[in-house]
4 protein chains.
Amino acid sequence: MLDLVSLRRDFHMHPEVGFTEFRTASKVAEILASLGYEVLIGPEAMDGDARRGLPPADVLEAAYERALRDGANPQIVEKMRGGYTAVIGIKKGSKEGPTVAFRFDMDALPVLESTDMDHVPQAKGFRSRYEGNMHACAHDGHTTIGLGLAEKLADGNFSGTVKLIFQPAEEGVRGAYSIVQKGHLDDVDYLFCHHLGTNVPLGEVHGASLGFLATTKMVAHFHGVSSHAGATPEKGRNALLGAATALLNIHGISRFSTGSTRVNVGVLEGGTAANIIPQYAKMVVETRSVAEEINAELEQRVRTIIAHSAAMHELDYEIEVVGGAIPINSDLDLAELAMEEARAVEGFTSFKVSDSNSMGSEDASFMIKRVQERGGKGTYMAIGTDIPAPHHHPKFDIQEEILPRAVALLHRIATRFLT
Amino acid sequence: MLDLVSLRRDFHMHPEVGFTEFRTASKVAEILASLGYEVLIGPEAMDGDARRGLPPADVLEAAYERALRDGANPQIVEKMRGGYTAVIGIKKGSKEGPTVAFRFDMDALPVLESTDMDHVPQAKGFRSRYEGNMHACAHDGHTTIGLGLAEKLADGNFSGTVKLIFQPAEEGVRGAYSIVQKGHLDDVDYLFCHHLGTNVPLGEVHGASLGFLATTKMVAHFHGVSSHAGATPEKGRNALLGAATALLNIHGISRFSTGSTRVNVGVLEGGTAANIIPQYAKMVVETRSVAEEINAELEQRVRTIIAHSAAMHELDYEIEVVGGAIPINSDLDLAELAMEEARAVEGFTSFKVSDSNSMGSEDASFMIKRVQERGGKGTYMAIGTDIPAPHHHPKFDIQEEILPRAVALLHRIATRFLT
Amino acid sequence: MLDLVSLRRDFHMHPEVGFTEFRTASKVAEILASLGYEVLIGPEAMDGDARRGLPPADVLEAAYERALRDGANPQIVEKMRGGYTAVIGIKKGSKEGPTVAFRFDMDALPVLESTDMDHVPQAKGFRSRYEGNMHACAHDGHTTIGLGLAEKLADGNFSGTVKLIFQPAEEGVRGAYSIVQKGHLDDVDYLFCHHLGTNVPLGEVHGASLGFLATTKMVAHFHGVSSHAGATPEKGRNALLGAATALLNIHGISRFSTGSTRVNVGVLEGGTAANIIPQYAKMVVETRSVAEEINAELEQRVRTIIAHSAAMHELDYEIEVVGGAIPINSDLDLAELAMEEARAVEGFTSFKVSDSNSMGSEDASFMIKRVQERGGKGTYMAIGTDIPAPHHHPKFDIQEEILPRAVALLHRIATRFLT
Amino acid sequence: MLDLVSLRRDFHMHPEVGFTEFRTASKVAEILASLGYEVLIGPEAMDGDARRGLPPADVLEAAYERALRDGANPQIVEKMRGGYTAVIGIKKGSKEGPTVAFRFDMDALPVLESTDMDHVPQAKGFRSRYEGNMHACAHDGHTTIGLGLAEKLADGNFSGTVKLIFQPAEEGVRGAYSIVQKGHLDDVDYLFCHHLGTNVPLGEVHGASLGFLATTKMVAHFHGVSSHAGATPEKGRNALLGAATALLNIHGISRFSTGSTRVNVGVLEGGTAANIIPQYAKMVVETRSVAEEINAELEQRVRTIIAHSAAMHELDYEIEVVGGAIPINSDLDLAELAMEEARAVEGFTSFKVSDSNSMGSEDASFMIKRVQERGGKGTYMAIGTDIPAPHHHPKFDIQEEILPRAVALLHRIATRFLT
């Protein structure tokens, strides 16, 4: 039987950021296989072209080699090479029935974990071994819960099919879309996603978290012509003039009377030296809105501004979408049924069908939407744990007693629908 | 015989700004005709489509009616209606010979003339009767000198052809081009242009004024969509955001290592009320450079910036060229010959072949360039007069004794070349 | 007895914009006096320094003279000269009791009234005689209702004091503040404000209109130094560079997570000619928010941006506040009591205690707030009338049958509280 | 006797960028000492606080350790630790006389040297061993020539004092000022600076290179407040909004009618992630002009723009000056005397007293100015060598036959004045 705490601590010690979850994903695949699941990995699990914000090849390769050094199964991880780190485990039950899916995200954050002795992972010796990376958003717990659930359902003693989706690159809302585009949500009747924490205390569980925002994350590249700023400034085409013009105008995009919006230019970098007309600049932009259509219009306005800020200074440009999400419209009847099950699980004492406990944005939104488009239902749940510090903080931690309880909860839910 | 002082004072009292010189031009045409000149007026004298910065139709019409009220010959002025205010007088000599042309500009400025008693026109009773307009750049003198020269040459006792070009709308560098485009400079062998004053004292004369800049004057119109700024700001397309973006970026155009440049956004006006997204904005821009090609590149950069500042905010736009000039490369050998003649004219005691006494820009430049392109020669001269206040100032004035001397000078020059 | 329809049509024919309501206000004062009211006018009715967006002296004077020509009582209107156009009528009842106040706004809009024959005022011959001005927001009706109410209460047969406040310059939210600052709301126990129309149909009445926004309207003046753009550009201090920088940065002010906001630069005007570095620029800005504190922070950010955009280019600047309002927190218990009375008035068949029928912003907000600060109560009501075109439209009109019904409603309300 | 070619190749193989010339400077000091010169190094040679654009401590330390590994004399280099890499060699002659100084710059560039076999240092095996750094501006030659001259003058058989100044950090115009501020130019009667190449062919020599520009290089740091761009954008203070506003306005600084100018924002970097309001931004700016006063005004305008762009967005800021130079007004009579000597040196066949062969900016300007302020004279010479590629290019190289000729030239000049 799986030791959930050990598993979680192992994941915690080896935090891998988006699309580099080679070691984590290979462990997941190995365990799923050992439990008799059909396991999809590599290009079978995800559409490579639909991955957003993929790291550069050398970064992917270095992470791959690190995973090999740290115990990743070479046969498995070889198929994930180049950033194909999704894993899907499928088990058909003994009888016909619906397809019920659960989603677990596996990636870590570029956060330097605390070394203070009041930080439990440090005190208990399972602090991150990958300096500068950290599981500061509970995905180590999510992955562990997914494997615990896999074990519970391993006997196939149910009606229908269970599909366990282990997703890379949730941070930056980058990975879910590539799994959706591969078609793995098309046959799902019921989809359950969840997050630990999110300001919900231990013992409490919410059937549907509302308030997720539509968002788009973009990187714009401006390409001009460098020239000596003293000798021949007129021969240059100044990438920073274009980028700064775009920046001011992006911040000047109108408020919308139809719903809340956000725009931000989070990063701008360009130029090389005082006496050179800057040849290149890079800009990272995000838009958000409560409504998908408004966010789409914001994205379009940002694109228009960037295109013409570049053209104004005779620059070339490209825009990459490196992340995105849409709002989540959880099915509240599904959430209600999930809460009915929760009442039967020991350790849960407080229940809400829905909250507006938004974490910002989530790319599980693409999965839930696809399921709903095909006539299925989905919900995004919040499972409480007390946390000593906010999500993404160097001292973030979860209470490990939530791991078996969450497994029990998801198992009851699975059983309820696999009939 | 013409009374030059009376003529000049009559012009001074009736100052007409660019393309509205109906009264002035009709007087000029009348006198030239009475002296036996062939007189070209209206669309025969200028290419209507090549006029730059033409005032609106109602302004032209009001000025036309004022001219009629103030004594313009109805038969003559009728042909000038709508802003065709150039006049060309041609006299063929008794023998064959070269074509020698002189250019005189006729327009006044939108300056409110001083009422101080130390201002001679006020003291002597010939202050402007057209409140807000004023001959503050000596064009009343230039026109008078042209008529004086016409009288001297009226007997046709020379070899060749004399062509006296009375130009509208020199201010704003708008009128010369339309005369050039009509072809009236194509057959000219020698062209003499001049200005009174320009910091040259009475008694001094320069054969060639150097340093005139190439320039383009443009008006850009930005058209967006208005909307209530509180209720539905996102429905607007903000013309002022586009215009302000253009303004900053126009001022940000690079210096050129290949020659001095200037750019200016002289006027920006847009919007109607605090709570309306601005639908329309207008911008007046000028570029200058010592070199015609650099100015052309500046103009192109301004156009590119305006086009993309508009498109960035989903605005429509148009750009009108409302004025322009090129540098003047006077023929110094011609200037030298002119100075030889000057030495023979009483009242002139100081002579320079050339100076760098730039007044900024001059559209006589188009005339001189056309003559040179056809193998002729041209120069732009400075004829001194002490002035109590700078050009364009409410107290600008000239010394009237320069009028007959300037006529004598130009007459000697004409005679020299009409052989 | 007053002929309400004739009165309203007389006001409609003589629409006077903010602070120029000389004829209207003198008629109001005359009628109130004839009904035995104590009448406060001129500097007794309002604090001159607290008037916002006062027109220039010559505009005020021209309107004053027009009012005299069109029948304003010279003794009365003389005291209003210079824009003191508030009128307050006070009547003490036969017994002691509370002070109950009603507010009526009198100003018209700079809208050109329709001449189509389907526009009732045109068809019936009472279209605006002041071309370009129009009562397109029902203030002619409001003023008429106020006088009708004055007549009903003229006998003083009640307990307490009635105060009828006829306010200038509601458009642009400019006039109420000066009446508040004079102290006229300090002793009010119950204040009732209202608007006709606002998308409420005839027969319906709302006790409290919610959703008014806090707003500030500002005019910023930027003063630089002009210079010839070709000859000595470096000597200029460019007012348009400062203003355009402010414009872009004002539009770039952050969204607020604490409540909806709006910012707009509605007007920008500066510069005189293509070849002059612009010496002066003017900018009209507004901010809005659902919350007074957020609007105050927006206003502060706008001020900071303007101050430093000016200083960046070595410009002087001033900022005038030309209008403003705060949100209205109507007392819903008062609104409920008012609706109780409404049920007893013939012609009203539909009732709401509150709506969120926002017209944008209203400076009655200052009056209601002052009353509430002193322990009194206030509400802003909506009284329905069908309208053929939106407020501020050239074909806006009201149904005149609402006039006596509104008088009856306010009379019942007054009587209810004057006990 | 020194082997100049070997020396130059040794320097070429060990290129050290500004203020990290530990190995080069210690070699120079060692040789000067061996020749009997008084040698000033470390804080005796330069004012530490007057060093501009000093690299960070860890960069200095790494370079220091590399120098130790590569043969720097530990006793000498220890005194240079932390970036004190100037060396001054002084030799008093046998008789009294004037003080004659020569300046040699020692630093290399961050350029990756070519590995093509047609690049002589690659072909002959003395390509840079410090990958990414390169002597691409002939300073290896300059340093070698300085040592060759030291050897020639080592016998002290002259009247007066010779002072050989080996300067760090000429690139970026950063190092000369610290030597001037230490007072080492205060007693100099004649100062000779020079550059190899600069488009002057082998065999030609110029007594004075004209056209150097005044320049200032600045780094501005903007400090704001980060905040989550979705959750609480209004709590942030956006460093990139301030920096982009500064960038556009710096590029918008007026042309000057009094002399050519340049401005450039060469680098802008800020922000960390799409969803964070940027807390910090850094900007690198340079100004240039033909005149020191104009450059001073440009610098002041840049400072004003940065200060108010920061304050506009409630940011803190600092500005560091990281480099600077002034124009050079070489004494043409000194240049003429130098050219007289040049005619006597074998290998030189073409001579100009002056050229306008500007390399941009040079901080030898501070040295020459100080000498002139104290009543001495100075000049900046150009010594020709054919070059296969432009200065700063990966294939830049010099002809080594110029080394002994340049030594001979400077020796003749020294001898001429040390009398």
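Naming: A, B, ... by sequence-line order, numbering from 1 per chain.
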A.B. asks: Between B/A244 and C/A244, which heavy-atom pair has the shortest distance, and what is it?
C.D. replies: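 So the two residues come closest at CB-CB, 3.9 Å.
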
A.B. asks: Counting heavy atoms not belonging to B/F396, are there more than 12 under 6.0 Å from its CZ?
C.D. replies: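 Above 12, so yes.
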
A.B. asks: When rounded to the nearest 0.5 angstrom, what is the spacing between CG in C/N238 and CG in B/N264?
C.D. replies: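 It is 6.5 Å, given to the nearest 0.5 Å.
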
A.B. asks: Check whether more than 12 heavy atoms from other residues, nucleotides or ligands sit under 6.0 Å from atom NZ of C/K235, and answer yes or no.
C.D. replies: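 No, not enclosed.
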
A.B. asks: What part of B/A273 gets within 4.5 angstrom of chain C, counting heavy atoms only: side chain, backbone, both, or neither?
C.D. replies: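 Backbone only.
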
A.B. asks: With chain B, which of C/V285, C/N275, C/T215, C/V322 has the greatest number of heavy-atom pairs at distances under 4.5 Å?
C.D. replies: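 Most pairs with chain B among the choices: C/N275.
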
A.B. asks: Please name the pair of heavy atoms, one in B/R262 and one in C/G230, separated by the smallest distance, quoted to 0.1 Å.
C.D. replies: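 Smallest heavy-atom distance, with atoms named: NE-O, 2.8 Å.
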
A.B. asks: Answer with side chain, backbone, both or neither: which region of B/L241 has an atom nearer than 4.5 Å to a non-hydrogen atom of chain C?
C.D. replies: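 Both the backbone and the side chain of B/L241 come within 4.5 Å of chain C.
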
A.B. asks: Say you draw a straight line from NE2 of C/H251 to CG of B/L240; how long is it, rounded to the nearest 0.5 Å?
C.D. replies: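 Answer rounded to 0.5 Å: 7.5 Å.
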
A.B. asks: Is C/I277 close to chain B through its backbone or its side chain, or both, or neither, when contacts mean heavy atoms under 4.5 Å?
C.D. replies: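 Interface part for C/I277: both.
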
A.B. asks: So, taking the atom named CG in B/L248 and the one named CG in C/L247, what distance separates them when rounded to the nearest 0.5 Å?
C.D. replies: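 CG of C/L247 is found 9.0 Å from CG of B/L248.
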
A.B. asks: Could you note down all residue pairs passing salt bridge (charged side-chain N to carboxylate O under 4.0 Å, His left out) where residues 211-227 of chain C supplies at least one of them, sequence neighbours left out?
C.D. replies: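 Matches after skipping sequence neighbours: C/K217-C/E286.
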
A.B. asks: Which atom names give the shortest non-hydrogen contact between C/V284 and B/A274, and what distance separates them?
C.D. replies: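 That would be CG1-CB, 3.5 Å.
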
A.B. asks: Calculate, to the nearest 0.5 Å, the distance between atoms NE2 and NE2 belonging to C/H392 and B/H228 respectively.
C.D. replies: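 One finds 8.0 Å between NE2 of C/H392 and NE2 of B/H228.
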
